[in-house]
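Reckoned from all heavy atoms, side chains included, excluding hydrogens, waters and symmetry mates.
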Amino acid sequence: LEELDLSQCGLTRLPASFGHLGNLRSFKASHCQLISLPSSIVDVKSLLRLLLHNNVLNNPPQAICDQGIDEIRAFFSFERTKALKRFKILVLGEAFSGKTSLIKTMIGNLPFLTGMDDRTVGVEEHDLHLLSNQLFVSESALIILVIDINNYGDYSDSFDQNIKKYLEIVFDRIRKSYILCVFTKVDPPSRKRTRPSGISINLLERAQFCEQDVLCKLQNREIL
């Protein structure tokens with residue numbers, strides 16, 4: 001099928017499968033009741049002529065559709081790019097763990113070390129539950145848990161307690177959250193002795209066990 005004219009037929013929508021018309025070169029649907037176009041229309045690479053005058057389109061807007069297929073492709077391309085930029089990242093961690101430095105490094109794509117005067121104010125442990133309802137945790141969010149490795153020994157009980165504190169808050173909101181543990185200050189220049197290279201691996205394994213333990217407790221709580 002290379003040409004298709006559905007003008008003045010009361011058409012109200014186009015199916016998503018419209019993008020499968022790989023040989024279509026000309027499409028007309030003027031004087032109909034179309035409200036929106038499927039984004040799959042941009043997949044019809046062979047489409048050269050598109051007439052959609054006198055509809056009630058709002059996605060893309062009628063003014064854009066009246067300009068033809070090139071403007072429609074540009075509109076959907078921009079929308080897809082904008083959707084990618086909306087990906088949400090939430091950075092959690094104790095005070096002075098390196099959250100600000102990590103964020104600025106990610107944004108600038110260059111190593112960044114936050115100065116003493118520019119550090120963010122930490123949140124006390126008893127305030128975490130009050131803030132939990134205000135955290136913008138969603139299924140599309142990536143939670144980065146920043147951990148200062150120098151605060152914990154290889155078998156520190158406080159590590160498990162602090163990790164579970166954050167995991168409980170996140171999983172209590174969204175059970176299928178994506179959490180990335182980032183260990184900071186692995187090799188601080190001010191320390192003369194070096195930490196064992198395997199310590200971060202050991203703590204990462206313990207973080208995974210903490211995750212399983214928290215999820216199990218939350219599930220048991222729901223059963224009760």
Side-chain angles (χ1 to χ4, degrees), residues 1-92 99-100 102-112 132-146 167 169-182 211 215 218-219 222:
L1 181 63
E2 295 186 358
E3 295 185 7
L4 181 60
D5 189 349
L6 298 177
S7 299
Q8 301 182 7
C9 69
L11 188 67
T12 59
R13 71 180 187 89
L14 294 176
S17 58
F18 187 89
H20 297 160
L21 299 175
N23 297 321
L24 191 65
R25 298 175 60 84
S26 174
F27 177 67
K28 301 176 185 178
S30 298
H31 301 279
C32 291
Q33 297 297 317
L34 287 172
I35 298 176
S36 64
L37 298 179
S39 59
S40 61
I41 195 171
V42 302
D43 297 328
V44 187
K45 305 300 183 183
S46 59
L47 190 57
L48 301 175
R49 189 183 186 195
L50 180 64
L51 297 179
L52 299 170
H53 301 300
N54 296 306
N55 279 280
V56 287
L57 288 157
N58 55 36
N59 185 41
Q62 183 69 56
I64 291 179
C65 294
D66 288 343
Q67 298 179 51
I69 185 61
D70 289 339
E71 290 300 320
I72 293 175
R73 287 179 177 135
F75 173 84
F76 280 116
S77 176
F78 176 76
E79 289 296 305
R80 288 176 177 177
T81 302
K82 188 167 63 173
L84 290 175
K85 291 182 179 179
R86 289 176 180 169
F87 185 79
K88 192 179 299 180
I89 298 179
L90 182 63
V91 181
L92 298 177
K99 299 185 296 296
T100 302
L102 176 63
I103 292 172
K104 291 187 176 181
T105 297
M106 293 171 61
I107 294 175
N109 200 28
L110 289 172
F112 185 92
S132 62
N133 291 330
Q134 302 176 19
L135 295 179
F136 299 102
V137 181
S138 65
E139 293 184 357
S140 61
L142 169 65
I143 293 88
I144 298 180
L145 182 54
V146 183
L167 293 178
I169 291 174
V170 173
F171 286 133
D172 196 38
R173 291 294 304 275
I174 301 294
R175 194 60 51 85
K176 294 183 179 180
S177 298
Y178 294 95
I179 300 180
L180 174 65
C181 292
V182 176
E211 176 183 345
L215 286 173
L218 290 174
Q219 291 172 354
E222 291 178 353

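- Each salt bridge (Lys or Arg N to Asp or Glu O under 4.0 Å) pair with one or both residues in residues 59-75, not counting sequence neighbours, appears once here: Asp70-Arg73.
- Of all the heavy atoms in Cys32 and Gly10, the pair that sits closest is SG-N, 4.2 Å.
- Judged by distance alone, with hydrogens and angles left aside, the side-chain atoms of Gln62 form no donor-acceptor pair with the main-chain N or O of Asn58 at under 3.5 Å.
- Taking 4.5 Å as the limit, every side-chain heavy atom of Leu145 sits out of range of all side-chain heavy atoms of Val182.
- When all heavy atoms of Pro60 and Ile64 are compared, the closest pair comes out as CB-CG2, 4.2 Å.
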Problem set entry | Working for side chain to side chain contact (heavy atoms under 4.5 Å, CB included), residues Ile41 and Leu50 | CA-CA 11 Å; Ile41 195 171; Leu50 180 64; 4.1 Å; yes

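- Val91 places a side-chain heavy atom less than 4.5 Å from the side chain of Val146.
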Problem set entry | Working for side chain to side chain contact (heavy atoms under 4.5 Å, CB included), residues Val56 and Leu34 | CA-CA 6 Å; Val56 287; Leu34 287 172; 6.0 Å; no

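- Looking at heavy atoms from C-beta onward, Leu180 lies out of side-chain contact with Ile143 at the 4.5 angstrom threshold.
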Exercise. Stepwise, does the side chain to side chain contact (heavy atoms under 4.5 Å, CB included) test hold for Met106 with Ile144?
Worked result: CA-CA 12 Å; Met106 293 171 61; Ile144 298 180; 4.0 Å; yes

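- The one candidate from Leu24, Ile72, Leu21 that meets the side-chain contact (heavy atoms from CB on, under 4.5 Å) condition with Leu47 is Leu24.
- Judged purely by atom type and a 3.5 angstrom limit, Asn59 has no side-chain atom pairing as donor or acceptor with the backbone of Ser36.
- Within the 4.5 Å cutoff, the side chain of Phe75 has heavy atoms near those of the Pro61 side chain.
- Sorted by first then second residue, the ring pair (Phe, Tyr, Trp, His ring centres under 6.0 Å) pairs that include residues 27-65, not counting sequence neighbours, are Phe18-Phe27.
- In this structure the side chain of Leu57 reaches within 4.5 angstrom of the side chain of Leu52, judged on heavy atoms.
- Here the shortest heavy-atom pairing between Ser40 and Ala16 reads OG-O, 2.6 Å.
- Applying the side chain to side chain donor-acceptor pair (under 3.5 Å) rule to pairs touching residues 5-24 yields Asp5-Ser7, sequence neighbours excluded.
- Contact check for Arg49 versus Lys28: side-chain heavy atoms found under the 4.5 Å cut-off.
- Looking at heavy atoms from C-beta onward, Ser30 lies out of side-chain contact with Asn54 at the 4.5 angstrom threshold.
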For this session: Assess whether side chain to side chain contact (heavy atoms under 4.5 Å, CB included) is satisfied between Leu37 and Cys65, documenting all intermediate values.
Result: CA-CA 9 Å; Leu37 298 179; Cys65 294; 3.9 Å; yes

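- A 4.5 Å side-chain heavy-atom check between Leu11 and Gln33 finds every atom pair outside the cut-off.
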